[in-house]
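What follows is a set of notes on a single structure, which appears directly below.
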Amino acid sequence: MYDVIVVGARCAGAPTAMLLARQGHRVLLLDRARFPADTLSTLYIQQPGVARLARWGVLDAVRASGAPPLDHVVYELGDVRVEGSCSGVDGIRAAYAPRRTVLDPILAEAAVSAGAEFRDDCRVTGLVHDGARVVGVRWSGPGGDGEDRAALVVGADGMRSRVASLVGAEKTTEHPPLTCAYYCLWNGPRTHFEMYEGDTGWVSAVPTNDGAVLVAAYHPQQRFDEVRHDAFAAYLENVRTNAPALYAQIERAEQVGTVQGTGDQQNFFRRAHGPGWALVGDAGHHKDSLTARGISDAFLQAELLAEAVGDTVDDARRLDAALADYDSRRTALLTENYSATLLVAQAEARDKRRALLRAVGSSPELTTRYFDAVAGIVGLRDLYTPELLALMAAPAGNA
């Protein structure tokens, strides 16, 4: 008998298991993949997420992996270029973007070091109920099938969460997909963390382990059926058209692996709690990866859930109240950026983004505040000051 079973051992599940184990709970952490296992990801951990890694005592392992510190950001939209850095969190101004084959095992090992039991290559096949209450999981692994029970089952198993499906967690907010994304690693380019937006799509460059750079190309969702038939050619054309200087570096670079991508970038919130269960990370909330907030938001949710659970696992009524509070706080904290991400992924709002970038680029202070907002250090309301709004309204030549 465990206090908590966490299903999914990546950026949401492993920190959740770690934090709950540090509270003294008996935690079982399961993942269907055999670690280390790669997964589609922007890799980027914004500064609030890095600050959490530091507080958890995990940042040193990320640094030791060779993932470079990323303390300079470039955003280019047509003829407007803004670059600089954020003000930082707890003295941390650098972001990091470790490969997921590096980061996920670090997080799982931290959970094990905290006292959690970890089983990879273990797929959840069902839930155990006591009436309406979830009281455990059924699983299948290399040694056969089994069942374990717990006061709380946490679904941290991604956008297509098996746990969410089994408990019938409905989507409380949903918007249609806006982009399809394709990723490829390259050895050779020298970049900062960079984002380029052009007339036909978006391109990002993210330095990661071993000197490689992850270059991602985002197409409007309505082009997915066209793009998927020759994804690599469409990927290269997107980079060439929307980030020509980066494309010139790719032409001289060594491709690492194949291009990978998805046309299923869902945008939603799910109800994230119920009797004996909760959802964290992409299982409960997912948005387009253009703003690269997924990993940092997963860390935030893990911390929120652990704080809410506290010492309530032995009292079902208190536990359910704590989970409801977690769900409410999670939604309140993530809604603003969810709405902003939907706007960033809409080509129709490009002129407004151009005016914003032109305005923030007119002063170092506004540039820093802008990158603070992008990273989630401050809210968007703190960015749109009367000064900024006046600059955005000014003619282009006077901004």
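All residue numbers in this chain count up from 1 along the given sequence. From a predicted model like this one, the values you see are computed outputs, not experimental measurements. The analysis underlying the following values was restricted to heavy atoms, covering all of them including side chains, and did not include hydrogens, waters or symmetry mates.
- In this structure, CG on D120 lies 7.5 Å from CG on D31, to the nearest 0.5 angstrom.
- A37 approaches T101 most closely through the heavy-atom pair C-CG2, 4.0 Å.
- Judged purely by distance below 3.5 Å, without hydrogens or angles, the side chains of D145 and S140 pair a donor atom with an acceptor atom.
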Determine, stepwise, if the pair R26 / D3 fulfils salt bridge (charged side-chain N to carboxylate O under 4.0 Å, His left out).
-> CA-CA 5 Å; R26 294 161 294 176; D3 295 316; 2.8 Å; yes
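- Under the 4.5 Å side-chain criterion, counting only non-hydrogen atoms from C-beta, R270 is in contact with S161.
- Heavy-atom contacts from other residues, nucleotides or ligands closer than 6.0 Å to CG of D382 number more than 12.
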Could you check S113 against E109 for side chain to side chain donor-acceptor pair (under 3.5 Å), going step by step and ending with a plain yes or no?
-> CA-CA 6 Å; S113 295; E109 288 166 11; over 6 Å; no
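- With hydrogens and angles left out, the side-chain atoms of E197 and Y75 include a donor and acceptor closer than 3.5 Å.
- Of all non-hydrogen atoms in T367 and E83, the two that sit nearest each other are CG2-O, 3.6 Å.
- The closest side-chain heavy-atom distance from Y338 to T173 is below 4.5 Å.
- Distance alone, capped at 3.5 Å, is enough to place a donor-acceptor pair between the R353 side chain and the L343 backbone.
- With contacts defined as side-chain heavy-atom distances shorter than 4.5 Å, the pair Q255/C184 qualifies.
- No donor-acceptor contact under 3.5 angstrom links the side chains of Y44 and S204, judged on distance only.
- With H25 contributing its side chain and G310 its backbone, the two residues share a donor-acceptor pair below 3.5 Å.
- Side chains of S289 and T42: a donor-acceptor N/O pair is absent below 3.5 angstrom, by distance only.
- Remark: side-chain polar atoms of N209 are paired, donor with acceptor, to backbone N or O of S65 under 3.5 angstrom.
- S328 places no side-chain N or O within 3.5 Å of a backbone atom of D325 that could act as its donor or acceptor partner.
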Does the pair D327 and R271 meet the rule for a salt bridge (charged side-chain N to carboxylate O under 4.0 Å, His left out), with working shown?
-> CA-CA 7 Å; D327 195 346; R271 180 167 60 94; over 6 Å; no
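- Under the 4.5 Å side-chain criterion, counting only non-hydrogen atoms from C-beta, V27 is not in contact with E117.
- With hydrogens and angles disregarded, no donor-acceptor distance shorter than 3.5 Å links the side chain of D148 to the backbone of I5.
- Hydrophobic clustering (side-chain heavy atoms under 4.5 Å, transitive across Ile, Leu, Val, Met, Phe, Trp, Tyr) keeps V378 apart from Y384.
- Note: H72 and H192 have tilted aromatic rings, judged against thresholds of 30 and 60 degrees for the angle between ring planes.
- By the 4.5 Å side-chain criterion applied to Ile, Leu, Val, Met, Phe, Trp and Tyr, V58 is assigned to a cluster that also includes M18, L19, I45, V50, L53, W56, L59, V62, I92, Y96, V102, L103, I106, L107, I295, F299.
- Using modelled atom types and a 3.5 Å distance limit, the side chains of T200 and N242 yield a donor-acceptor pair.
- Separation of atoms CG (D210) and CG (N187) is listed at 8.0 Å; rounding is to 0.5 Å.
- When each of V239, L236, V206, V259 is paired with V215, the side-chain contact (heavy atoms from CB on, under 4.5 Å) condition holds for V239 and for no other.
- Note: T16 OG1 to L305 CG = 5.5 Å, rounded to the nearest 0.5 Å.
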Given the rule in the salt bridge (charged side-chain N to carboxylate O under 4.0 Å, His left out) test, do R10 and D282 qualify, once you have shown the distances and angles that lead to the verdict?
-> CA-CA 11 Å; R10 295 190 184 269; D282 290 350; over 6 Å; no
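- By the criterion of side-chain heavy atoms lying less than 4.5 angstrom apart, applied directly or through intervening Ile, Leu, Val, Met, Phe, Trp or Tyr residues, V74 is not grouped with V360; the two fall into different hydrophobic clusters.
- Summarising the geometry, atom OH belonging to Y370 is positioned 8.5 Å from atom CG belonging to L383; distances are rounded to the nearest 0.5 Å.
- To the nearest 0.5 angstrom, D71 atom CG is 9.0 Å from Q47 atom CD.
- In this structure a side-chain-to-backbone donor-acceptor pair under 3.5 Å is present from Q249 to R190.
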Evaluation steps, salt bridge (charged side-chain N to carboxylate O under 4.0 Å, His left out), between E336 and R381 | CA-CA 9 Å; E336 182 180 67; R381 293 181 183 86; 2.9 Å; yes
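- Side-chain atoms of R99 and T208 form no donor-acceptor pair, as typed in the model, at a separation below 3.5 Å.
- Aromatic ring centres of H219 and F224 lie farther apart than the 6.0 Å criterion allows.
- Atom CZ of R100 is surrounded by more than 12 heavy atoms from other residues, nucleotides or ligands within 6.0 Å.
- Here the shortest heavy-atom pairing between A14 and A108 reads CB-N, 3.8 Å.
- For the atom pair OH of Y2 and CG of L20, the computed distance is 14.5 Å after rounding to the nearest 0.5 Å.
- Linking ILVMFWY residues whenever their side-chain heavy atoms come closer than 4.5 Å, directly or via other members, places V73 and L70 in the same cluster.
- Nearest heavy atom pair, residue Q46 against residue S296, reads N-OG, 3.0 Å.
- Contact check on D130 versus R133 returns no salt bridge, with no Lys/Arg side-chain nitrogen under 4.0 Å from an Asp/Glu carboxylate oxygen.
- R318 and D311 get closest at one heavy-atom pair: NH2-OD1, 2.8 Å.
- The minimum heavy-atom distance between L323 and A278, with the atom names listed, is CD2-CB, 4.0 Å.
- Judged purely by atom type and a 3.5 angstrom limit, H286 has no side-chain atom pairing as donor or acceptor with the backbone of F269.
- A donor-acceptor contact shorter than 3.5 Å links the side chain of N267 to the backbone of D288.
- Side-chain contact between L319 and D314 is absent, with no heavy atoms from C-beta onward closer than 4.5 Å.
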Stepwise, does the side-chain contact (heavy atoms from CB on, under 4.5 Å) test hold for L279 with V154?
-> CA-CA 6 Å; L279 303 176; V154 178; over 6 Å; no
Decide yes or no on ring pair (Phe, Tyr, Trp, His ring centres under 6.0 Å) for H285 and F268, but give the supporting numbers first.
-> CA-CA 6 Å; H285 164 58; F268 65 81; 7.3 Å; no
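- Panel note: side chain Q265, backbone K287; no donor-acceptor pair is recorded below 3.5 Å.
- The side-chain heavy atoms of R369 and T385, taken from C-beta on, include a pair separated by under 4.5 Å.
- Checked for salt-bridge contact, D225 and R228 meet the test: a charged N lies under 4.0 Å from a carboxylate O.
- Note: the hydrophobic cluster containing L389 also contains L356 (ILVMFWY, side chain heavy atoms under 4.5 Å, direct or indirect links).
- Remark: R149 engages E147 in a salt bridge, criterion side-chain N to carboxylate O under 4.0 Å.
- For the pair Q266/K171, a side-chain contact is recorded, criterion being any heavy-atom separation below 4.5 Å from C-beta on.
- The side-chain heavy atoms of R55 and E303, taken from C-beta on, include a pair separated by under 4.5 Å.
- When atom types are taken as modelled, the side chain of T179 and the backbone of Q221 share no donor-acceptor pair closer than 3.5 angstrom.
- Cation-pi geometry between R162 and W139 is not met at under 6.0 angstrom from the ring centre and within 45 degrees of the axis.
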